[in-house]
Amino acid sequence: MKLKNSISKSIILLLLIVISVSCNKTKEKTSNNAKIEGSHPNLILTSQGVKDIRAQLGNIPIFDNTLKAVQKEIDAEIALGIETPIPLDYSGGYTHVRHKRNMIVLQKAGVLYQILNDEKYAKYVKDMLMQYEEMYKTLPLHPKTRSYARGKLFWQCLNDANWLVYVSQAYDCIYNYLSEEERNKLETNLFKPFADHISVDSPQFYQRVHNHSTWGNAAVGMIGLVMNDQELIDRALYGIKDLKLDTKKKDDDGGFLNKNGKAGFLANIEEPFSPDGYYNEGPYYQRYAMYPFLVFAEGLDNVKPELKIFEYKEGVLLKSINALLNLSDADGDFFPLNDGQKGMSYYNDALVTAVDISYHFGKQDAGLLSIATEQNKVLLDDSGLAVALGIKEGKAKPFEKKSINLSDGPEGKQGGVGILRNEGIELVFKYASQGSSHGHYDKLSYSLYEKGTEVLQDYGLARFVNIEQKGGGNYLKENKTWAKQTIAHNTVTQNETSHYNGKYEIGSQNHPDLHYFSSDNKNVQASSAKVTKTYPGTDMQRTLAIIKDENFEKPFVLDIMKVVSISNQANQYDFPYYFLGQVLNTNFEYTIPKTLKPLGSKNGYQHLYVEGNGKSKESNAKFSWLNKGKFYTLSTISDTNDEILFTRIGANDPEFNLRREAAIMLRRKNTKNTLFVSAIEAHGSYSPVSESAVNSKSSIKELKVVLDSVDYTAISITTLSGKTKLFITANTNALKEIKHTLKINSKNYNWVGSYYYK
């Protein structure tokens with residue numbers, strides 16, 4: 001009996017131990033699962049963000065409308081079925097477009113799964129990723145061989161990196177939906193090899209400071225964050241460890257691959273951005289690069305907040321968004337500096353990302369909410385929710401664009417871009433650095449806008465982005481032979497040779513310097529910059545001002561270009577103004593050739609037809625034109641030796657890759673030191689409905705140089721009504737606090753600061 005009871009107690013004890021162990025294992029498993037469940041999504045969407053979004057659905061109009069539109073879009077894609085074709089094409093071709101579309105669809109479907117908690121979206125993402133896994137493990141390099149760094153899904157690694165940036169977000173969203181076996185399969189056969197290909201297998205693409213490598217860094221880092229792979233995260237932040245590349249090798253655009261050895265995401269923040277947030281490649285590429293910069297930064301902030309990424313380099317990533325928005329005209333189109341496509345604007349999805357992230361992680365600038373309202377959509381994540389709530393609560397205020405000077409270079413000491421704004425007139429003064437391999441040779445150039453309409457244009461790039469019929473959607477040869485050349489811009493070309501002889505090696509080592517920027521006086525917004533070494537033995541200084549004066553209907557532009565031949569050599573100077581619109585009249589006679597011939601044979605001149613040739617008999621040459629219902633007049637100081645050329649783009653362009661647009665050009669031959677002085681007036685209007693022309697003529701009677709010395713240049717502006725104003729710019733000492741005393745024609749002028757106008 002005692003033995004039986006003892007056995008029974010032993011059995012009960014054993015059962016209790018088994019049950020206890022089993023319960024502990026169950027608790028441990030539950031605990032581990034809870035940990036896994038709580039860790040995803042955490043990249044762009046967060047678990048808490050999903051809860052907050054679900055709680056607000058139906059109560060946040062701009063977010064609800066965005067969600068509805070995305071759901072409609074993705075439901076249509078799901079209905080069409082999944083297609084992952086074998087890669088064959090350049091940009092714009094079917095397979096390129098399909099894989100590019102897939103990456104966006106995957107990202108959006110992942111977000112829909114999280115917000116709507118509908119399994120069909122997770123299944124769709126999983127099924128497509130499994131198709132990519134099956135294809136990628138045997139996929140060779142892309143068959144197109146043009147790129148300096150070939151991808152596998154796309155013809156260049158850049159597009160492969162684009163794909164992984166988006167797809168990593170999709171993977172994060174369905175991470176917990178997948179089994180451990182499925183995750184291992186995707187990570188082993190797709191994601192890790194994919195990350196390796198665009199980094200260690202393609203160091204010429206990855207290991208550099210450039211918008212290309214920014215995408216690569218973000219791609220490797222974001223998938224690393226999702227996979228919790230510290231090696232990939234470190235590779236993203238700091239570059240490939242212990243790797244050295246040939247510092248003399250170049251990419252397809254002529255830029256050095258890795259000149260100073262710097263690489264990684266942090267280096268790509270440090271080097272291209274100035275302290276003001278200007279990105280040295282220009283606003284078009286800043287817009288392109290902002291997406292990977294910001295989404296990776298958001299992921300880092302969510303997963304590794306200890307890095308304080310939004311505080312890095314004194315918060316330059318968030319500063320850069322304000323800079324980028326200011327680099328757009330009144331309609332939101334970005335100024336096409338360097339390689340920039342016209343029409344790119346802050347309505348682009350990358351800028352939706354920029355605005356939302358800037359608001360959420362920044363200082364909740366109410367001006368950003370007004371831009372988000374114009375964009376009429378938000379990100380379907382935590383930052384988009386913050387913006388949607390801000391708009392709903394009526395916090396939006398207008399985003400005010402004022403005159404602003406943006407320095408260039410990592411320390412802000414490599415020139416910059418000055419934007420002068422005065423009552424609807426916007427002037428973009430480019431005195432920036434070369435701008436990496438996407439830079440143009442156009443120091444001290446400018447473009448002019450009135451309420452979003454181009455008046456004097458910067459050509460931008462020569463490319464039809466993603467249009468297969470035009471060079472596979474890539475840069476055309478005319479980008480180098482025309483768009484990058486100095487004569488394609490509104491600045492001085494000497495002896496028919498581009499600045500720095502059109503050599504990146506020289507241009508990348510030099511830059512203009514700001515002389516002054518002044519925007520305190522609401523009536524006179526002015527900037528001045530100097531440049532040396534664009535041509536050996538020649539220095540240039542340009543001073544530009546937008547002046548509001550009661551004697552003029554609208555603010556007018558005063559343009560003073562001072563050229564000094566320090567080598568005492570006589571040169572030919574060509575100074576074009578690329579106007580848009582219809583010629584109205586001139587005050588000089590000109591002849592029209594019977595046969596159109598190119599102006600020259602190289603450096604961009606081979607692409608210019610000469611349509612007219614004239615000379616001015618007056619001290620001022622005047623030219624008026626009509627553009628989109630508004631009148632404009634150029635008045636420029638001239639002499640009888642100056643040639644005035646009408647030119648048009650399009651010579652030696654058999655495939656019609658260039659726009660057939662016009663310029664009026666001043667040509668000054670056999671000259672050492674010289675001064676180009678012009679005024680551009682915006683005036684009047686024309687209505688085709690009422691057929692009435694209002695104020696169609698210039699208000700300026702004469703421009704005159706009353707003094708030009710090393711230290712000062714003084715220009716008088718006399719109106720038709722007989723009123724004369726004087727503008728004096730300090731050419732040497734232009735500090736704000738400096739007092740100036742100057743005698744001109746027996747009259748003393750006293751002022752403090754950079755310029756005088758009265």
Any donor and acceptor pair, going by atom type alone, linking the side chain of [X] with main-chain N or O of [Y] inside 3.5 Å?
| X | Y | answer |
| --- | --- | --- |
| N587 | K622 | yes |
| Q485 | K480 | yes |
| N495 | Q572 | yes |
| T491 | K443 | yes |
| D639 | D642 | yes |
| E681 | S699 | yes |
| H511 | Q434 | no |
| N211 | Y285 | no |
| K484 | G439 | yes |
| S528 | Y516 | no |

Give a yes-or-no answer on whether the side chains of [X] and [Y] include a donor-acceptor pair shorter than 3.5 Å.
| X | Y | answer |
| --- | --- | --- |
| K477 | N657 | no |
| S498 | N603 | no |
| Q606 | N652 | no |
| N613 | T591 | no |
| S527 | Y431 | no |
| S433 | N280 | no |
| N750 | T741 | yes |
| E553 | N695 | yes |
| D559 | Y577 | yes |
| D574 | Y605 | yes |
| D458 | S445 | no |
| T636 | S638 | no |
| H440 | D339 | yes |
| T718 | E702 | no |

Looking only at non-hydrogen atoms, find the nearest pair between [X] and [Y] and report the distance.
| X | Y | answer |
| --- | --- | --- |
| L558 | I717 | CD2-CD1, 4.4 Å |
| H740 | G753 | NE2-O, 2.9 Å |
| M561 | L444 | CE-O, 4.1 Å |
| S624 | T633 | OG-OG1, 2.8 Å |
| A663 | F579 | C-CE2, 3.6 Å |
| L634 | S678 | CD1-CB, 3.7 Å |

Run the numbers on E643 and K669 for side chain to side chain contact (heavy atoms under 4.5 Å, CB included), then give the verdict.
CA-CA 9 Å; E643 288 183 51; K669 294 181 177 180; 3.1 Å; yes
Non-hydrogen side-chain atoms of [X] and [Y] separated by less than 4.5 Å:
| X | Y | answer |
| --- | --- | --- |
| L658 | Y459 | yes |
| L327 | R287 | no |
| L584 | Y632 | no |
| S635 | S698 | yes |
| M665 | L599 | yes |

Is the terminal nitrogen or CZ of R668 (NZ for Lys, CZ for Arg) located under 6.0 angstrom from the six-membered ring centre of F575 and within 45° of that ring's axis?
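Output no; distance or angle outside limits.
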Flag this pair as yes if the NZ/CZ of R542 is under 6.0 angstrom from the six-membered ring centre of Y446 and inside a 45 degree cone about the axis; otherwise no.
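R542 over Y446 ring: no.
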Going by the angle between their ring planes, with limits at 30° and 60°, are H210 and H438 parallel, tilted or perpendicular?
tilted
Hey, what's the ring geometry for Y756 with Y749, parallel, tilted or perpendicular (30° and 60° as the breaks)?
perpendicular
D539 vs T532, test: side-chain hydrogen bond (donor to acceptor under 3.5 Å, both in side chains). Steps then yes/no.
CA-CA 5 Å; D539 292 347; T532 60; 4.9 Å; no
To the nearest 0.5 Å, tell me how far [X] [atom1] sits from [Y] [atom2].
| X | Y | atom1 | atom2 | value |
| --- | --- | --- | --- | --- |
| E411 | S274 | CD | OG | 11.5 Å |
| F552 | H683 | CZ | NE2 | 10.5 Å |
| I715 | L707 | CD1 | CG | 9.0 Å |
| I546 | L427 | CD1 | CG | 5.0 Å |
| R463 | Q341 | CZ | CD | 8.0 Å |
| L544 | T729 | CG | OG1 | 10.0 Å |

T647: what forms a side chain to side chain donor-acceptor pair (under 3.5 Å) with it, not counting sequence neighbours?
none
Carboxylate-amine/guanidinium contact [X] [Y], below 4.0 Å:
| X | Y | answer |
| --- | --- | --- |
| K723 | E550 | no |
| D442 | K430 | yes |
| R667 | E496 | yes |

Assess the residue pair T724 and K704 against the criterion (side chain to side chain contact (heavy atoms under 4.5 Å, CB included)); give the C-alpha distance rounded to whole Å, side-chain angles, the decisive distance to 0.1 Å, and a yes or no.
CA-CA 10 Å; T724 299; K704 187 177 181 180; over 6 Å; no
For H607, what residues pass the ring pair (Phe, Tyr, Trp, His ring centres under 6.0 Å) criterion, not counting sequence neighbours?
none
Please identify each residue that fulfils side chain to side chain contact (heavy atoms under 4.5 Å, CB included) with S565, with sequence neighbours left out.
S567, Q569, N571, Y573, K672, N673
Ring center gap for [X] and [Y] short of 6.0 angstrom:
| X | Y | answer |
| --- | --- | --- |
| F646 | Y590 | yes |
| W625 | F623 | yes |
| Y535 | H499 | yes |

For E454, run the side chain to side chain contact (heavy atoms under 4.5 Å, CB included) check against N627, D329, L580 and tell me which one passes.
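Exactly one candidate clears the test, L580.
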With side chain to side chain contact (heavy atoms under 4.5 Å, CB included) as the test, would you mind laying out the steps for T534 and Y500 before giving the verdict?
CA-CA 5 Å; T534 51; Y500 307 124; 3.8 Å; yes
